[in-house]
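These notes are about the structure you will find just below.
Residues: numbered from 1 along the sequence shown. Remember, it's a predicted structure, so these values are computed and weren't measured experimentally.
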Amino acid sequence: MSNSFTFNAQNQLPNGSPCVLTGYAHASYTNTATITDKSGNVVAKISGSGGTGNTYAPMNAPSGQANYFTPQSSAQPYTITFTNNGPNQSQYLFANDAINSGTTTYAESYTFVTEDASDNDYNDATVFVSWNLTGS
């Protein structure tokens, strides 16, 4: 199973609409979600590990990184990659949902759940990539 997902074709992120990367972690390993453009440049990144006592904790952008970006047509497609500092490659499951009226999509969100070990509970990190239609 892959540890990255490319937003292309019907899944392409909308040009000019700000996208936000957020999430929370529930794991002893540090889990990271990184979005790169087609040239491999990091445009957004968050990471974190679960809190003490098997709790959830927010994933934050590392110093010098952002958790938001505005897609540009020249940089499409964008890819999100999931990693962790444990011995196994991260795996993910995802779903997406949109808010539409007629032919206009006003907001859309992708939800990813990740697995960083071998217990296959897919609760080690939950990551969201979301965007809203830009107002005029």
Side-chain angles (χ1 to χ4, degrees):
M1 183 173 237
S2 174
N3 70 330
S4 62
F5 173 84
T6 299
F7 299 96
N8 58 18
Q10 72 271 23
N11 297 319
Q12 182 171 313
L13 297 175
N15 295 317
S17 292
C19 291
V20 178
L21 175 65
T22 59
Y24 54 89
H26 179 249
S28 56
Y29 297 127
T30 298
N31 283 259
T32 301
T34 306
I35 296 180
T36 54
D37 65 16
K38 72 177 181 182
S39 298
N41 300 309
V42 174
V43 297
K45 184 176 187 176
I46 57 173
S47 63
S49 59
T52 58
N54 200 27
T55 61
Y56 292 88
M59 296 172 74
N60 297 304
S63 179
Q65 293 288 324
N67 73 325
Y68 61 90
F69 66 105
T70 303
Q72 304 299 319
S73 61
S74 61
Q76 296 276 7
Y78 292 86
T79 299
I80 186 166
T81 303
F82 302 98
T83 58
N84 69 79
N85 66 347
N88 297 308
Q89 176 176 291
S90 293
Q91 300 176 46
Y92 70 91
L93 302 172
F94 85 99
N96 76 304
D97 196 20
I99 299 172
N100 302 303
S101 180
T103 59
T104 303
T105 299
Y106 290 94
E108 189 165 5
S109 181
Y110 290 82
T111 302
F112 298 88
V113 292
T114 70
E115 174 57 45
D116 66 5
S118 59
D119 58 1
N120 294 320
D121 56 10
Y122 286 87
N123 71 350
D124 299 314
T126 301
V127 174
F128 307 94
V129 177
S130 57
W131 61 270
N132 289 75
L133 183 66
T134 303
S136 52

Q) Distance-only, no hydrogens or angles: does the K45 side chain make a donor-acceptor pair with backbone N or O of T36 under 3.5 Å? A) no
Q: Group every Ile, Leu, Val, Met, Phe, Trp and Tyr by side-chain heavy-atom contacts under 4.5 Å, then state whether I80 and V113 land in the same group.
A: no
(Q) For S90 and T83, which I'm curious about, is there any donor-acceptor pair between the side chains at under 3.5 Å? (A) no
Q | Heavy-atom pair with the smallest gap, counting every atom of A107 and N132 | A | CB-ND2, 3.8 Å
Q) Is the backbone N or O of Y92 less than 3.5 Å from a side-chain atom of Y122, with the two atoms forming a donor-acceptor pair by type? A) no
Q: Please lay out, stage by stage, how D124 and N84 fare under the test side-chain contact (heavy atoms from CB on, under 4.5 Å).
A: CA-CA 10 Å; D124 299 314; N84 69 79; over 6 Å; no
Q: For the pair N85 (side chain) and T30 (backbone), establish whether a donor and an acceptor sit closer than 3.5 Å, ignoring hydrogens and angles.
A: yes
Q | Approximate separation, where rounding is to 0.5 Å, of F82 CZ and S47 OG | A | 13.0 Å
**Q.** Non-hydrogen atoms of M59 and T126 that approach each other most closely
**A.** SD-O, 4.4 Å
Q | Y110 and F112 aromatic ring geometry - parallel, tilted or perpendicular at 30°/60° bounds | A | parallel
Q | Separation between CD1 of I99 and OG1 of T104, rounded to the nearest 0.5 Å | A | 13.0 Å
Q | Separation of E115 CD from N3 CG (nearest 0.5 Å) | A | 13.0 Å
Q | T55 OG1 to Y24 OH distance, which is reported to the nearest 0.5 Å | A | 12.5 Å
Q) Just wondering, are more than 12 heavy atoms of other shown residues or ligands nearer than 6.0 Å to CG in L93? A) yes
Q: Specify the closest pair of heavy atoms between A25 and G48, including all atoms of both residues, with the distance to one decimal.
A: CB-O, 3.5 Å
Q: Identify the heavy atoms of D37 and A75 that sit nearest to each other, and give their distance.
A: CB-O, 3.6 Å
Q. If you round to the nearest 0.5 Å, how far is OG of S73 from CG of L13?
A. 13.0 Å
Q. Shortest non-hydrogen contact from Y78 to Q72?
A. OH-N, 3.0 Å
Q | Heavy-atom closest contact (F7 atom, P77 atom, distance) | A | O-CB, 3.3 Å
**Q.** D97 side chain vs S109 backbone, donor-acceptor pair below 3.5 Å
**A.** no
Q.
Measuring from atom CZ of F128 to atom CZ of F94, what distance do you get when rounded to the nearest 0.5 angstrom?
A. 14.5 Å
Q. Does a donor on one side chain and an acceptor on the other come within less than 3.5 Å for N31 and D116?
A. yes
Q: Flag yes if more than 12 heavy atoms outside F5 fall under 6.0 Å of its CZ atom; otherwise flag no.
A: yes
